[in-house]
**Q** 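Dropping a structure here in structure tokens format, bear with me for questions.
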Amino acid sequence: MESVTLKDTAKETKKDTLIEIKNLKKYFEVERDLIQKLSSRTKRYVKAVDGVTFDIKRGEVFGLVGESGSGKTTTGRLIINIISPTEGSVLFDGVDLTKLSKRELKHFRRRMQVIFQDPYASLNPRMKIGKTLMQPLEIHKIGTPREREEKALELLGKVGLTPPEIIFTKYPHQLSGGQRQRVVIARALILNPDFVLADEPVAMADVSMRVLLLELMMDMKKEFNLTYLFITHDLATAKYVCDRVAIMYLGKIMELGPLRDVFQNPLHYYTKALLAAIPIPDPDHKRKVDIPKGEIPNPIDPPAGCRFHPRCPYKMDICEKVEPQLQMIEEGHYVACHMY
Ligand code: SF4
């Protein structure tokens, strides 16, 4: 029997990884008027994502959670290369997407699809549902017109839009919000992708519809063997679907780990506060952790040291001066905080 070496284990780990993000940064230049340009030569930047490193394993649902302005959506857009990073790399199946030409990227785009938050904005109001679904196949020159139609009808059935032949002929405004999001899910799947970025996919749906859409996404994950990056501001939604989660704050990851560990043993005060903010339907329930006071600081000029220090009740002297790095506290569970 062959013995397994450390090298083999490393290879195995890489084989398990679909996406590796290393030190990813995105700075957006702040627009200045003429007077500002004349009075100062220094350009200013919004540091939307500021040195983020993590990986996404094949077949998992990785959650990126944070308030608005935390950089989670920008991170998602960098991963699927809708925008280019200021620094850092995104490896998809071992290939650095940031180094590819537009033509080379086209092949990878087919393997990566997106479900956006607002189904109405992401569907062309003048295009019938059938055409919307067949368009990606046309762009990638896949199948005959008849085969494309059959594929579109098949997917409409799979996402629960029946009868498919009727839905095929409708315009987006003739469907309900939940039905439109099902169309968006079907469109994301029509090219048979490996990876789907779901950016707040149920945030605009009614509460009753949310669970059904999440169940549909999980059914589709099994059927299509998908890997998801699930972006949400809501830890309660993340709990429903994610295998691992990363908590983002002001362009940085504060905590990362398996969902169960982060929920049962949150390490960062910010994670504890997010968990405490999940509503409990009990009028006598008392929160164990206070919600951090104040707003998320300005990403143009983020606080020195730990970015969370202006809102942290446990702030120490070191917190204002030295930036804490993510460190592993227990197997696969990381935190960026000087308390550990
Ligand atoms: Fe609070 Fe300091 Fe930890 Fe930041 S590093 S979360 S300020 S204790």
Side-chain angles (χ1 to χ4, degrees), residues 18-19 56 58-61 76-77 79-82 90-95 97 100-199 201 212-230:
L18 180 63
I19 296 177
I56 304 176
R58 286 175 208 279
E60 82 169 336
V61 182
R77 286 168 190 234
I79 292 171
I80 58 164
N81 224 277
I82 295 179
V90 177
L91 271 65
F92 186 92
D93 238 348
V95 177
L97 299 183
L100 298 185
S101 66
K102 273 190 183 165
R103 225 172 121 226
E104 290 167 323
L105 261 176
K106 196 177 168 191
H107 163 72
F108 284 93
R109 287 244 162 82
R110 195 177 144 182
R111 298 178 61 191
M112 314 164 95
Q113 296 295 313
V114 195
I115 301 169
F116 286 120
Q117 175 178 5
D118 182 356
Y120 204 65
S122 40
L123 295 173
N124 182 343
R126 284 187 289 275
M127 199 180 276
K128 287 186 179 169
I129 301 303
K131 172 82 179 150
T132 296
L133 290 185
M134 292 188 297
Q135 197 181 43
L137 297 171
E138 285 164 17
I139 291 170
H140 288 274
K141 301 187 172 53
I142 298 170
T144 62
R146 181 70 210 140
E147 285 165 345
R148 289 172 200 151
E149 192 176 321
E150 278 168 8
K151 179 85 180 161
L153 290 168
E154 183 196 330
L155 262 173
L156 285 172
K158 279 193 199 294
V159 298
L161 288 169
T162 51
E165 296 76 14
I166 304 292
I167 302 285
F168 191 89
T169 61
K170 301 260 189 204
Y171 286 98
H173 73 269
Q174 295 174 301
L175 305 181
S176 69
Q179 285 178 315
R180 283 197 288 267
Q181 197 58 316
R182 283 171 192 267
V183 173
V184 173
I185 293 171
R187 187 181 56 184
L189 300 180
I190 201 141
L191 290 173
N192 234 335
D194 298 308
F195 171 72
V196 174
L197 162 64
D199 188 357
L212 294 176
L213 286 171
L214 290 173
E215 280 175 0
L216 172 66
M217 286 179 63
M218 292 307 109
D219 289 348
M220 294 298 107
K221 175 183 175 290
K222 261 191 225 147
E223 175 145 5
F224 289 82
N225 205 11
L226 296 170
T227 301
Y228 281 121
L229 173 59
F230 192 91

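Computed from a predicted model, the values in this text were never measured in an experiment.
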**Q** D194: which residues meet the salt bridge (charged side-chain N to carboxylate O under 4.0 Å, His left out) condition with it, sequence neighbours left out?
**A**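 Once residues adjacent in sequence are excluded, the partners of D194 under the salt bridge (charged side-chain N to carboxylate O under 4.0 Å, His left out) criterion are R111.
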
**Q** On a heavy-atom basis, which atom in P125 and which in Y171 lie closest, and how many Å separate them?
**A**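 Taking every non-hydrogen atom into account, O-CD2, 3.6 Å.
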
**Q** Side chains of residues 126-141: which donor-acceptor pairs under 3.5 Å do they make with residues two or more places apart or in other chains?
**A**
residue, atom, partner, partner atom, Å
K131, NZ, E138, OE1, 3.1
T132, OG1, K128, O, 3.1

**Q** Closest heavy-atom contact between L100 and L105?
**A**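 Result for this residue pair: CB-CG, 4.1 Å.
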
**Q** In Å, rounded to the nearest 0.5 Å, how long is the span from CG of L91 to CG of L97?
**A**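 Going from CG on L91 over to CG on L97, the span is 7.5 Å.
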
**Q** With side chains defined as the heavy atoms from C-beta onward, is the minimum distance between L229 and I79 less than 4.5 Å?
**A**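 Yes; the side chains approach each other to less than 4.5 Å.
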
**Q** Check whether any side-chain heavy atom of I142 sits under 4.5 Å from a side-chain heavy atom of R110, and report yes or no.
**A**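 Yes, their side chains come closer than 4.5 Å.
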
**Q** Return the set of residues passing ring-ring contact (aromatic ring centres under 6.0 Å, His included) with F92 (not counting sequence neighbours), or none when no residue passes.
**A**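 Scan of F92 (ring-ring contact (aromatic ring centres under 6.0 Å, His included), adjacent residues dropped) gives F108.
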
**Q** How far does CG of L156 sit from NZ of K170, to the nearest 0.5 angstrom?
**A**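 That separation rounds to 12.5 Å.
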
**Q** Going by heavy atoms in the side chains, are K102 and N81 under 4.5 Å from each other?
**A**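 Contact flag for K102/N81 side chains = no.
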
**Q** For residues R109 and I80, report the shortest heavy-atom separation together with the two atoms involved.
**A**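 Distance-wise, the nearest heavy atoms are NE-O, 3.8 Å.
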
**Q** Tell me whether R148 contacts the main-chain N or O of G143 through its side chain, where contact means a donor paired with an acceptor under 3.5 Å.
**A**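 Flag set: sc R148 to bb G143 pair under 3.5 Å.
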
**Q** Quick one: list whatever passes side-chain contact (heavy atoms from CB on, under 4.5 Å) with R146, sequence neighbours left out.
**A**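 Per chain and number, R146 pairs via side-chain contact (heavy atoms from CB on, under 4.5 Å) with T144, E149, E150.
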
**Q** Is there a side-chain contact between V196 and F224, using heavy atoms and a 4.5 Å cut-off?
**A**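 No; the side chains remain at least 4.5 Å from each other.
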
**Q** Please report, to 0.1 Å, the donor-acceptor pairs under 3.5 Å made by any side chain of residues 177-193, with sequence neighbours excluded.
**A**
residue, atom, partner, partner atom, Å
Q179, OE1, S176, N, 2.9
Q179, OE1, S176, OG, 3.4
R180, NH1, P172, O, 3.1
R180, NH1, L175, O, 2.8
Q181, NE2, F116, O, 3.1
Q181, NE2, P201, O, 2.5
R182, NH1, V159, O, 2.8
R187, NH1, S122, O, 3.0
R187, NH2, S122, O, 3.0

**Q** Per the side-chain hydrogen bond (donor to acceptor under 3.5 Å, both in side chains) rule, what does the pair list look like for residues 219-229, sequence neighbours excluded?
**A**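 As it turns out, the side-chain hydrogen bond (donor to acceptor under 3.5 Å, both in side chains) pairs with a partner in residues 219-229, which skip direct neighbours, are K158-E223.
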
**Q** Does the side chain of M218 come within less than 4.5 Å of L214's, by heavy atoms?
**A**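 The answer is no, as the side chains (C-beta and beyond) never meet within the 4.5 Å cut-off.
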
**Q** Is the closest side-chain heavy-atom distance between L18 and I56 below 4.5 Å?
**A**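 They are not in contact (no side-chain heavy atoms under 4.5 Å apart), so the answer is no.
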
**Q** Can you tell me how far the CD1 atom of I167 sits from the CG atom of L153, to the nearest 0.5 Å?
**A**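 Answer for the CD1-CG pair, I167 versus L153, is 11.0 Å.
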
